[in-house]
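Report on one structure; see the data block that follows.
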Amino acid sequence: MKDFEVFRGRRAKFLTQLGGKAAIIPAASLVIHHADCEYPFRQNSDFWYLTGFDEPDAVALFLPFRPEGEKYILFVKPRDPKTEVWQGFLWGSEGAVNEFGADIAHSLDDLPNLIGHYLSGAEGIAFRIGKQSSIETLVLKTWAEQLEKSQRGEACPSEIVPPCPILHQMRLYKDEIEIKSIREATRISAEAHELARKITSPGMNERQLQGAIEGYFLQQGARGPAYGSIVAGGDNACILHYTANNSILRDGDLLLIDAGCSLMDYYNGDITRTFPINGKFTSEQKALYEIVLEAQENAIKAATPRNSAEVVHYSALKILVEGLVDLGLLRGNVESLIEQDAYRHIYMHRTGHWLGLDVHDVGAYRLGEYPLELNAGMVLTVEPGLYISDRLEIPKGQPEIHERWKGIGIRIEDDILVTQEKPEVLTKLALKSVDQMEY
Ligand code: GLY
Ligand code: MN
Ligand code: MN
């Protein structure tokens with residue numbers, strides 16, 4: 001396997017940070033779509049990050065307290081021609097050792113018998129409770145048996161703790177291989193947005209564009225969309241998680257597209273662009289678009305070491321609220337409007353999130369009461385928007401909204417790599433200036 005060393009390096013770091021604890025990290029299982037048909041397999045991101053192993057139901061044990069050659073154990077589906085003829089090739093325990101670097105590998109069938117043996121000597125167990133019931137039952141049963149034995153004087157793990165604080169702190173900082181993959185995912189995603197804008201015209205159905213975008217992802221070798229693509233004409237853009245994508249695009253409306261691909265190694269792009277379906281902004285659309293773009297550019301500039309995601313958010317929010325006051329869509333002092341959340345009927349989400357193996361990637365945003373400082377190697381989205389509809393109540397003291405503004409939903413979203421110098425916009429191939437959105 002070509003990235004063998006990368007996964008080995010991550011495991012070494014994880015093992016060191018576990019101290020005397022054992023970690024149990026299960027793979028994902030297949031999920032039923034309907035009847036006996038399953039969704040395409042999606043590996044658990046923590047499991048993938050440590051193993052690079054892409055089969056369902058496997059279980060990885062990390063045992064830092066054991067001697068060299070017994071610290072990384074994989075339990076995998078056994079090779080079986082009858083299964084493989086239906087479900088495809090399986091690596092089996094031999095492949096798990098030879099191709100994926102396990103110290104020892106066993107068939108999953110042996111897990112119930114062997115797990116107690118491997119956990120003995122652990123000071124504690126790092127295992128995420130509440131996610132996968134079958135393995136959780138086994139872990140708790142094994143621990144309960146060891147607690148029983150401890151009453152007869154044997155040592156046993158004293159606690160079960162989540163592995164997330166260690167793993168997710170590691171995942172927050174992207175290594176070079178991850179950054180390379182995210183660059184690839186963002187390139188393909190940005191090119192798909194360019195393609196979609198160029199073929200858009202009034203009278204098309206939203207899903208024709210969805211097809212073009214997702215088709216491009218596949219043509220480029222990606223696994224598919226990273227999340228349900230949002231292709232939202234006009235007022236549909238004011239529904240934040242609109243994925244029905246089944247309306248006709250109307251002359252005079254804007255089109256909001258939020259789409260990104262997921263690569264075969266699960267790294268993702270996440271881009272939103274908004275543009276006029278007929279190639280010309282109306283004056284209301286343009287006024288709002290310019291505010292969102294300025295807010296976004298201001299927020300991107302703030303994505304530098306020692307600032308936080310919170311500073312990025314407020315850098316966008318301040319410009320959005322100032323712009324809305326200038327247009328008469330909000331009334332009052334900008335600072336007080338922000339303090340009182342009086343803009344929430346027009347801007348109801350945060351300005352971004354970490355991006356990586358998960359689209360809404362793991363990693364803390366705060367350390368206790370302090371916002372986490374950004375640092376080189378972190379990747380986040382910056383995605384301010386304005387959504388003008390009459391779905392939400394207007395806060396007391398704020399102006400009614402004139403019909404001419406309604407049905408305008410705008411978001412602009414880029415993926416940003418924090419560096420020691422200027423933030424790098426990974427998605428810059430997807431154009432966004434006012435002139436570039438018009439034809
Ligand atoms: N597409 C999901 C998001 O932008 O967060
Ligand atoms: Mn998005
Ligand atoms: Mn996003």
Side-chain angles (χ1 to χ4, degrees), residues 42 45 171-172 174 178 181-183 185-197 206-207 209-210 213-214 216-217 222-233 236-245 254-263 266-275 289 292-293 295-297 299-300 302-303 308-310 312-313 315-317 320 347-363 365 374 378-387 409-418 423-432:
R42 204 310 181 170
S45 298
R171 285 178 54 193
L172 187 54
K174 274 60 185 178
E178 294 184 286
S181 285
I182 297 172
R183 280 188 199 287
T186 50
R187 174 190 65 78
I188 296 170
S189 306
E191 287 172 359
H193 276 265
E194 283 298 290
L195 180 150
R197 192 182 70 256
E206 291 164 344
R207 61 187 39 236
L209 293 166
Q210 179 184 357
I213 290 166
E214 294 181 6
Y216 188 76
F217 293 164
R223 211 174 262 269
Y227 49 89
S229 304
I230 297 170
V231 184
N236 291 338
C238 299
I239 300 166
L240 297 177
H241 289 170
Y242 176 80
T243 49
N245 301 348
L254 293 178
L255 176 61
L256 180 153
I257 300 179
D258 182 347
C261 73
S262 190
L263 298 185
Y266 296 112
Y267 286 92
N268 302 296
D270 181 8
I271 305 181
T272 309
R273 289 293 182 264
T274 311
F275 56 87
Y289 188 88
V292 177
L293 185 57
Q296 203 231 12
E297 285 173 342
I300 291 173
S308 61
E310 206 149 302
V312 173
H313 174 61
S315 305
L317 186 57
L320 293 176
Y347 182 45
M348 52 296 275
H349 59 78
R350 297 285 290 187
T351 302
H353 51 83
W354 309 130
L355 177 72
L357 275 176
D358 293 323
V359 175
H360 292 177
D361 207 26
V362 295
Y365 290 87
L374 297 176
M378 293 178 174
V379 179
L380 73 162
T381 68
V382 177
E383 48 178 309
L386 293 172
Y387 312 90
I410 297 168
R411 178 165 63 257
I412 308 175
E413 173 176 29
D414 281 302
D415 303 339
I416 310 298
L417 171 65
V418 181
E424 182 180 341
V425 182
L426 299 171
T427 39
K428 58 176 177 288
L429 282 179
L431 306 180
K432 63 181 177 186

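In what follows, every heavy atom counts, from backbone to side chain, and hydrogens, waters and symmetry copies are set aside. Whatever order the structure lists ligands and atoms in, that order sets their numbers, starting from 1. A quick note: this is a predicted structure, and the numbers were derived from the prediction, not measured.
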Aromatic ring proximity, centroids under 6.0 angstrom, His349 and Tyr387: yes
Straight-line distance of Ile188 CD1 to Leu429 CG, nearest 0.5 Å: 11.5 Å
Reported CG-to-CG distance for the pair Leu380 and Asp361, which is rounded to 0.5 angstrom: 11.0 Å
Short N/O/S contact of His360 with the Mn ion (ligand 3) (below 2.8 Å): no
Atom 3 (C) of ligand 1: the protein heavy-atom neighbour that sits closest, reported with distance to 0.1 Å: Asp270 OD2, 3.3 Å
His360-ligand 1 polar pair, N/O distance under 3.5 Å: yes
Option from Gln210, Arg207, Glu214 for which side chain to side chain donor-acceptor pair (under 3.5 Å) with Ser229 holds: Glu214
Non-hydrogen atoms of Thr274 and Gly409 that approach each other most closely: CG2-O, 3.6 Å
Apex the Mn ion (ligand 3) - arms OE2 from Glu383 and NE2 from His353 - angle rounded to 10°: 80°
Salt bridge present between Arg273 and Asp414 (N-O < 4.0 angstrom): yes
Name of whichever N/O/S atom of Glu413 is nearest to the Mn ion (ligand 2): OE1
Where the Mn ion (ligand 2) is the vertex, angle from Asp258 OD2 to Asp270 OD1 to 10°: 150°
N or O contact, Glu383 vs ligand 1, cut-off under 3.5 Å: yes
